[in-house]
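Step one of this worksheet: look at the structure below.
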Number of protein chains: 2
Amino acid sequence: MRQKEKVTIYDISKKLNISAATVSRALNDSNRVSLKTKELVLKTAKALNYQQNTLALALKSGRTFNVGVVVPYINHTFFASVIRGIEEELEPKGYHVIICQSHENVENEAKQIKTLLNTHIDGIFISVSKSTEDIKHIEEVCEEGVPLIFFDRKKDISGVSSVTINDYEGAFAATEHLIKQGYKKIAHIGGDPKLQIYKHRYDGYIAALKAYNIPIDKNRILEVSSTVEAGITAVQDLLDKKIEFDAFFSASDYVALGGMRELRSRGLKIPEDVGVVGFSNEPFTKYLERPLTTVGQTPVLMGQIAAQVFLEQIKDNNKSVRVEKKVVLMPELYERETSLKKGSID
Amino acid sequence: MRQKEKVTIYDISKKLNISAATVSRALNDSNRVSLKTKELVLKTAKALNYQQNTLALALKSGRTFNVGVVVPYINHTFFASVIRGIEEELEPKGYHVIICQSHENVENEAKQIKTLLNTHIDGIFISVSKSTEDIKHIEEVCEEGVPLIFFDRKKDISGVSSVTINDYEGAFAATEHLIKQGYKKIAHIGGDPKLQIYKHRYDGYIAALKAYNIPIDKNRILEVSSTVEAGITAVQDLLDKKIEFDAFFSASDYVALGGMRELRSRGLKIPEDVGVVGFSNEPFTKYLERPLTTVGQTPVLMGQIAAQVFLEQIKDNNKSVRVEKKVVLMPELYERETSLKKGSID
DNA sequence: TATTTTCGTGCAATCGATTGTATTTGTTTC
DNA sequence: GAAACAAATACAATCGATTGCACGAAAATA
């Protein structure tokens, strides 16, 4: 099973007894080639099953039609969906998406970006890791003149575009919803505020309490990582320390899931004794025995928009104008059973 | 913000007043270059921050250090995890993974493969779409001499390696478990048998019933797609047609989830009235209010092994020997509450 | 000392496509 | 029929790295 010979423009040029330059121009529909040769070239190209060598093209033009996407983990539904959105938008334009995982680690992130730059991608989409504080590696991308677009988890760099969710509004709506359902002592189980998304969700929670003149109790506010286990521990903590709460708003569906598990094992009823709202609208939330109220994020749309911003940017790039574009998507609250005190929906 | 000039071997050669050929040889540690020049080149290369142009290298050598992965959907946990496994194994060796989705559609699949071949990847990993019957586009990959590796969903092509799960054994174990729990009328909600995985799961189910001398009732066997909605409909069907069953083994966790939802809404208790076993060990199954018994597949491991098979293959390729390697992983049954009649575990 | 061998380098072709600058061919005009 | 012009095509350099071959100088051998 030996490698099939690739057909090049030289094969076509030899066959037709013309120069390769003419073949190239004919294939690119240049107006400097006669209609007759053009047709002839196109016909034999098809007959020989000619395929343009993208490597040669990339070497010459500097454009590879590859873009890189850096996410913490690809097997998290949210990120996988964003990637899908990017791909759906870019694939019809001939782009390929190269995916990298940072595993929530800055060093990995920096390394991935470095090798991406070395592969001559045409652009980079990134959602930074939790441990990313030093952003030298990201600034380097800009210095090299490679278009960079943040999505969801961003850093503030002037001149860099981003597509994010309005986490503040999402958290506000979630908390407000709990208040309107009659809950008074609402806890917040959030994430590391070094990430803007968690800071904003915290801010939204606080703002909603203030808006309804509900006193803020710091004891009811926890910071944990986004896992089921962390949710279990968090609720254990609250209960063991005898901190009173009749509801909690979590910055993560996984944490909410763990929290609910712990509540049930202690004999507390949801939503009667404790109301629960999560964040992300993970696919499983809808199908739980008691479906979880949560904030939906439209990740596929986020990816699509990020891709559109990229396409605009490379168009603008030709005019050597760099426009900073900040798109903020509105989240949506899905009211389900875990927070509906007054009656149940099915 | 203008593009930073890339440093080439010519820049180094000019600076040191030697030829580019020598620089290239020095960088590749050829024994035809004196130690003195070698050190000099390496030093200035570092000083100028030289980065090898992978495109030029790829054009010359034909190797791109890119591999393609084609899956139905990347935002399915199973596939995302396999990809992660592939990436973890290949990334340290300098490879990049290009991901494509077929959206369960042959035409898409064929198109993706075509553009992958055109991008000169070094290998292709594929899990075929449900609609893939004609495999011309896959055979073409082999004809071009590009290494191809199937994972999970395979087709039989001689000379092509694959990494799969022993679906038969998984289904057998699941069914046997239900039998041992005392269930007698076990239904099977499977998938399209055109895909080997579903055929094997069906076979395992049948074999287990036969092994325990339990009569097979065709009415209890359904074929549906792998969605929550299909699971709801399937159980509705069984109940509406008054087909008796005291348990069901589903080829998909999502279908099981939908089925359980329907059972509950009809007032049937799990596992007392109906036992349920799913397939895949999706992350949510463990954390359901009543955790789902299911068959686990180790997708990350599958990806890692697929990558290892690929690496072996390209080594062998140099000796122009093509070895067909078929790796079959053993699945594991996770016994949880939905099937444990005798007592509950926590 | 003359000749061979070894070692280090440079030259130039190559991978395949593109493109600015000739050059050829054919057509128009006076 | 000669000059002027336009159209169609060819030539050759380029993108950056690799590599077979050739060349010169130094070292080893006769």
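Letters A, B, ... mirror the listed sequences (proteins, then strands); counts begin at 1.
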Please determine whether a side-chain nitrogen or oxygen atom of [X] lies at a distance below 4.0 Å from atom OP1 or OP2 of [N].
| X | N | value |
| --- | --- | --- |
| B:Ser24 | D:dT18 | yes |
| A:Tyr50 | C:dA17 | yes |
| B:Gln51 | D:dG16 | no |
| A:Thr22 | D:dT9 | no |
| A:Asn28 | C:dT18 | yes |

Nearest to side-chain heavy atoms of [X], which nucleotide of [options]:
| X | options | value |
| --- | --- | --- |
| A:Leu59 | C:dG10, D:dC11, D:dC15 | D:dC15 |
| A:Ser34 | D:dT18, D:dT9, C:dA17 | D:dT9 |
| B:Val33 | D:dG16, C:dA17, C:dT9 | C:dT9 |
| B:Thr37 | D:dT18, C:dA17, C:dT9 | C:dT9 |
| B:Lys60 | C:dT14, C:dT9, D:dG16 | C:dT14 |

Within the structure shown, what part of the strands sits under 4.0 Å from [X] by heavy-atom distance: base, sugar-phosphate, or nothing?
| X | value |
| --- | --- |
| A:Thr8 | sugar-phosphate |
| A:Leu27 | nothing |
| B:Leu55 | nothing |
| A:Asp11 | nothing |
| B:Ile9 | base |
| A:Ser61 | nothing |

**OP:** Map A:Tyr10 and A:Ser19 onto DNA chain D by nearest heavy atom, then report which one ends up closer to the 5' terminus.
**Re:**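 Comparing both residues, the 5'-ward one is A:Ser19.
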
Original post:
Under the 6.0 Å and 45° cation-pi test, does A:Arg63 pair with A:Phe65?
Top reply: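 Ring-cation test returns yes.
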
Original post:
Between the base of D:dT9 and the side chain of A:Arg25, is there any donor-acceptor pair under 3.5 Å?
Top reply: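 When only heavy-atom distances are counted, A:Arg25 does not reach the base of D:dT9 through any donor-acceptor pair under 3.5 Å.
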
Original post:
So does B:Arg32 reach the base of D:dT18 with its side chain, donor to acceptor, closer than 3.5 Å?
Top reply: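 No.
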
Original post:
Rounded to the nearest 0.5 Å, how far apart are CD1 of A:Ile126 and CD1 of A:Ile113?
Top reply: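 Answer rounded to 0.5 Å: 4.0 Å.
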
How many whole angstroms separate atom [atom1] of [X] from atom [atom2] of [N]?
| X | N | atom1 | atom2 | value |
| --- | --- | --- | --- | --- |
| B:Leu57 | C:dC15 | CG | C1' | 11 Å |
| B:Asn31 | C:dC7 | CG | C1' | 10 Å |
| B:Arg63 | D:dT18 | CZ | P | 13 Å |
| B:Lys14 | C:dG10 | NZ | P | 15 Å |
| B:Asn17 | C:dG10 | CG | C1' | 12 Å |
| A:Asn118 | D:dA17 | CG | P | 10 Å |
| A:Lys36 | D:dT9 | NZ | C1' | 13 Å |
| A:Lys38 | D:dT9 | NZ | P | 10 Å |

Original post:
B:Ser81 side chain to B:Thr77 main-chain N or O, any donor-acceptor pair under 3.5 Å?
Top reply: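 Present.
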
Original post:
Using 30° and 60° as the class limits, which term best fits the ring planes of B:Phe151 and B:Phe79: parallel, tilted or perpendicular?
Top reply: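 Perpendicular, since the angle between the ring planes exceeds 60°.
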
Subject >> Test: A:Glu139 and A:Lys155 ion pair at under 4.0 Å >> reply: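 Salt bridge: no.
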
Original post:
Going through the checks in order, is the side-chain contact (heavy atoms from CB on, under 4.5 Å) test met by B:Glu87 and B:His96?
Top reply: CA-CA 8 Å; B:Glu87 223 216 358; B:His96 274 289; over 6 Å; no

Subject >> A:Gln313 side chain to A:Ser161 side chain, donor-acceptor N/O pair below 3.5 angstrom >> reply: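 Yes, side-chain donor-acceptor contact under 3.5 Å.
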
